[in-house]
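Working notes, structure below.
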Amino acid sequence: MTSRNDEDDNGFAEWGGYMAAKKAKLVEQYEQQASSSKKQSDILTGVAIYVNGYTSPSAEELKILMSAHGGVYHTYQMPKTTHIVASILPNAKVKQLGSVPIVKATWISDSIAAGALLDHRKYLLYTGHDDKQPKLDCVRPKTLTAADPGFLSEFYNNSRLHLISTLGAEYKQLVNQLREKSNGVYPGRERLRTLPRGLAPSERVVMHIDMDCFFVSVGLRSRPQLRGRPVAVTHGRGTPINRPQASVECENELVKKYFPNENFEDVDSHGSMAEVASCSYEARQCGVRNGMLLGNALKICSDLKTIPYDFEGYREVSTALYKTIAEYTLDIEAVSCDEMYVDVAPILAAANITVEDWATHIRKEVIAVTGCPCSAGFGANRLQARLANKRAKPAGQFYLRPDDVETYMAQVSLSDLPGVGSATVAKLTKMGLHKCGDLQTVSRGQIQAELGNKIGQTVADLANGIDHKPLNFHHERKSVSADVNYGIRFKDKTEASNFLQSLSAEVCARLKDVGMRARCLTLKLLVRAPDAPVEPAKYLGCGVCNTITRSTTSAGALGDAASIYREAKVLLDRCAVNPRELRGVGVQLTRLEATPPRNTAIKRFLQGEVKASASNKIDLRTSDELPNRITPEVVYEYPGEKSPFESLTLDELRPLILKWLESTATPKNIDVTLLAEYLKQLAIDRQIERLKVVLSFLYRHISRLGSCKWHDAYWKLIDIVQEGMVARYGGTMLVERSFCCSVHS
DNA sequence: ATCCTCCCCTAC
DNA sequence: TAAGGTAGGGGAGGAT
Ligand SMILES: Nc1ccn([C@H]2C[C@H](O)[C@@H](COP(=O)(O)OP(=O)(O)OP(=O)(O)O)O2)c(=O)n1
Ligand SMILES: [Mg+2]
Ligand SMILES: [Mg+2]
């Protein structure tokens, strides 16, 4: 019971990934399971813990977990206590507790999540227990790599880019929801009555509002002594470290080769490689920028003060910002957690106020509510509003009036246009173009020839202050993905597959979160560039890499972790990359469809039922006595889809399959899944005879004339059918799987 | 023409 | 040490 295999679909839903391993869910699930007083495993056999002080999971929760997994919980420390679980302990207390290892509570939850007892040394709170030389220094647990269980949550809990992506999506969703349940009343507008009457513009007025050095400003709320000083938010503290000089120089060269358009500074052999997420305007005066490496920032700004992240704080301030604006209007396009476009013309018209008075009012209110400064730009379209905001910053406001647009635009740098990044700038520079005004000297056709049709046209318009893109108040998701390009270090194929499984569970959880299923799956791999050092300058970073993407479209939309992993795994194998060279893995889901509503009555009926055991093999030959086991929710999950094969008789189906087999040496995934889903449904519908006939027909003819690709297709099809068997009967069925073939022996 | 797949680019 | 994610627009080139 302590190991899992590919057939064991049930392992997924419970313990596949980060979402599931999150404390709240973990405990929730365990409480459910413990309440039915079921023993879950023997993972913790031989482990006896004593919990000292507050922990997460809590002592109460740990007690339940211990008994559910074969461990022992001691209310007091006893001679038989094998481990002490604690979060923080003063040194004096450590001495008192003697030689019993002191571990973090996550050792228990991670072990359960992993399905096996993990090495407790990675979870030691202090050294001095397993070491010969006792030390009482607080020890950081060794950093996890993607091969370690619990890595995904550890990584996402510390990734600022993950945070801002997640927050961005959340606020788009929030605007959607607020608009849906809006009654059209905006209480904030009352507060505008006290403003002086003025002439509201007759034209369209778009506001772009954005927090000033967002992460820094949030951090400075509790550090007023740092105001006015160069400050950066970063993981690193700037302490110098040692790296091999040669490989650092090699990587510098490679970066220039792979990113010729980017102006990346060289890295030296001792500076911190942590990224500056956000820096104060004082730091910007020295040339420090968001996204810079801390080591390089310190070179140009030696008194740069670093402060740590405050993820909860960012969330609070973002919510306060959005709530404040939503008091006045819901014509909001959320851009990110610190930024949005707002159609303010109706507000100004209704209250009869000027842009300037509105700007002053709303900025004051945001500062009052959040404790953080922001700036606002105004113009007739989003481009103008945005450029105006750039000029307004920091802590300012600016209205780019229609009459001033032409003059203003001429001096704007092309690189300041939204959508114009380093690659586009490089092309424009090659054409001798730098300012928006320079575009007057060349034809639109010339621009398009260099930049491509669409971007050429857009840039030509933007340079003239024209922006046809309307504000989009309602956001619809088109894709869901999860990428990790940090900490990816695998020693073999199994580690890579296991991680892909976790990542699949993760992306599936996100898909379910938005109530969608996906027709198309794309796997993205980063592979160490051939000439790049095996270990890059950034600790556990991906270094310089080549990218590989492979995608697949399936007949039925994907909606469960097992199918997502199954598809992703096929693609991973197809890429045939040495797992030791992998530096990044991503799974994205596109062509989304809404999940059909579930039958809640059936769901309720299914609750509390035992999940099927996949180790139980069912012999087809005894299909008469097949036990009709409990049916997990997959059986009922997606009702109402008709397969094209359903109406065919066996005599119609066989020649169809034969024709397909003969038509190609490389069957398409979409065809394979289409047939497989039908056969899976046969299993679920207990049409075992028919299933048996089709499977043996397939096996016979693929053996006879199938290529290697057909063998792969057959195995994949069998995997899908077995999902149906497990769902209906609690076990897989015995089927032929072996082919005589040079590759698949 | 229009699609699909495998990229590249951009922004926060 | 360090936490290099994520979603969307778009193009090249081949298949249909
Ligand atoms: N390379 C980057 C860019 C941004 N961010 C995060 C931190 C920023 O505070 C936040 C908002 O991004 P902005 O582009 O709005 O930048 P700031 O708010 O920091 O500064 P500005 O005053 O220019 O808006 O996103 C990040 O982590 N890494
Ligand atoms: Mg900002
Ligand atoms: Mg911003």
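Sequence lines set the chain letters: A, B, ... in the order given, protein chains first and strands last, and positions in each chain run from 1.
- Using a 4.0 Å heavy-atom criterion, one finds that Leu417(A) contacts the sugar-phosphate atoms exclusively.
- Arg160(A) has no side-chain polar atom (N or O) that falls below the 4.0 Å cut-off from OP1 or OP2 of dG5(C).
- Among the protein residues, Gly586(A) comes within range of no part of the nucleic acid, since none of its heavy atoms lies under 4.0 Å from any strand.
- Using a 4.0 Å heavy-atom cutoff across all strands shown, Gly541(A) reaches at least one base atom of the nucleic acid.
- One atom, CG of Asn290(A), and another, C1' of dT10(B), lie 16 Å apart when rounded to the nearest Å.
- Cation-pi check for Arg510(A) over Tyr156(A) is met; the charged atom lies under 6.0 angstrom from the ring centroid and within 45 degrees of its normal.
- Across all strands, Glu535(A) comes closer than 4.0 Å to no nucleic acid atom at all (heavy-atom distances).
- Across all strands shown, His475(A) has heavy atoms under 4.0 Å from sugar-phosphate atoms exclusively, and none from any base.
- Using a 4.0 Å heavy-atom cutoff across all strands shown, Thr424(A) reaches sugar-phosphate atoms only and no base atom.
- The side chain of Thr522(A) contributes no N or O atom lying less than 4.0 Å from OP1 or OP2 of dT5(B).
- At dA3(C), none of the side-chain N or O atoms of His162(A) fall inside 4.0 Å of OP1 or OP2 (strictly under the cut-off).
- In this structure, Ile455(A) reaches the sugar-phosphate backbone alone: every heavy-atom distance under 4.0 Å involves primed, P, OP1 or OP2 atoms, never a base.
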Q) Going through the checks in order, is the side-chain contact (heavy atoms from CB on, under 4.5 Å) test met by Val480(A) and Thr590(A)? A) CA-CA 7 Å; Val480(A) 174; Thr590(A) 49; over 6 Å; no
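- Using a 4.0 Å heavy-atom distance criterion, Gly487(A) is classed as making no nucleic acid contact.
- When side chains are defined from C-beta on, Ile564(A) counts as touching Leu521(A), because their heavy atoms get closer than 4.5 Å.
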Would you sort out whether Glu275(A) and Thr234(A) count as a side-chain contact (heavy atoms from CB on, under 4.5 Å), showing the intermediate values? CA-CA 6 Å; Glu275(A) 272 179 43; Thr234(A) 164; over 6 Å; no
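- A sub-4.0 Å separation between OP1 or OP2 of dT6(C) and a side-chain N or O of Arg510(A) is present.
- Distance CG (Leu387(A)) to P (dA11(B)): 12 Å, rounded to an integer number of Å.
- Residue Val317(A) is tested with Asp310(A), Thr370(A), Asp338(A) for a side chain to side chain contact (heavy atoms under 4.5 Å, CB included); the sole match is Thr370(A).
- Residues Asp338(A) and Asn261(A) each lie close to DNA chain B; by heavy-atom proximity, the contact nearer the 5' end of the strand is made by Asn261(A).
- Residue Ala169(A) is out of contact with every strand shown, counting any heavy-atom pair closer than 4.0 Å.
- Within 4.0 Å of Arg386(A), counting heavy atoms only, lie sugar-phosphate atoms of the nucleic acid but no base atom.
- In this structure, Leu451(A) and Arg477(A) both approach DNA chain C, and ranking their closest nucleotides by distance from the 5' end singles out Arg477(A).
- Counted by atom type alone, Asn381(A) and Lys469(A) present zero donor-acceptor pairs between their side chains at under 3.5 Å.
- Note: CZ (Phe155(A)) to C1' (dT6(C)) measures 11 Å, nearest angstrom.
- Between Ser479(A) and dG8(C) there is a side-chain polar atom (N or O) within less than 4.0 angstrom of OP1 or OP2.
- Checking the phosphate oxygens (OP1, OP2) of dA7(C), no side-chain nitrogen or oxygen of Ser165(A) falls inside 4.0 Å.
- In this model, the phosphate group of dT1(C) is approached by a side-chain N or O of Thr239(A) to a distance below 4.0 Å at OP1 or OP2.
- The OH-P distance, from Tyr314(A) to dC12(B), rounds to 18 Å in whole Å.
- In this structure, Ser159(A) does not reach the dG5(C) phosphate: none of its side-chain N or O atoms is under 4.0 Å from OP1 or OP2.
- Minimum interatomic distance between Ala277(A) and Arg160(A) (heavy atoms only, all atoms of both residues): CB-CD, 3.3 Å.
- When heavy atoms are screened at a 4.0 angstrom cut-off, Lys454(A) is found touching the sugar-phosphate backbone but no base atom.
- Contact check, Lys478(A) against dG9(C): a side-chain N or O comes under 4.0 Å of OP1 or OP2.
- Checking Asp483(A) against Asn158(A), the closest nucleotide of DNA chain C that is more toward the 5' end is the one next to Asn158(A).
- Among the heavy atoms of the strands lying under 4.0 Å from Ser272(A) are primed sugar atoms or P, OP1, OP2 only; no base atom is included.
- Using a 4.0 Å heavy-atom criterion, one finds that Glu339(A) contacts the sugar-phosphate atoms exclusively.
- OP1 or OP2 of dG5(C) has at least one side-chain nitrogen or oxygen of Asn485(A) nearer than 4.0 Å.
- Between Tyr156(A) and the phosphate of dT6(C), there is a side-chain N or O to OP1/OP2 separation shorter than 4.0 Å.
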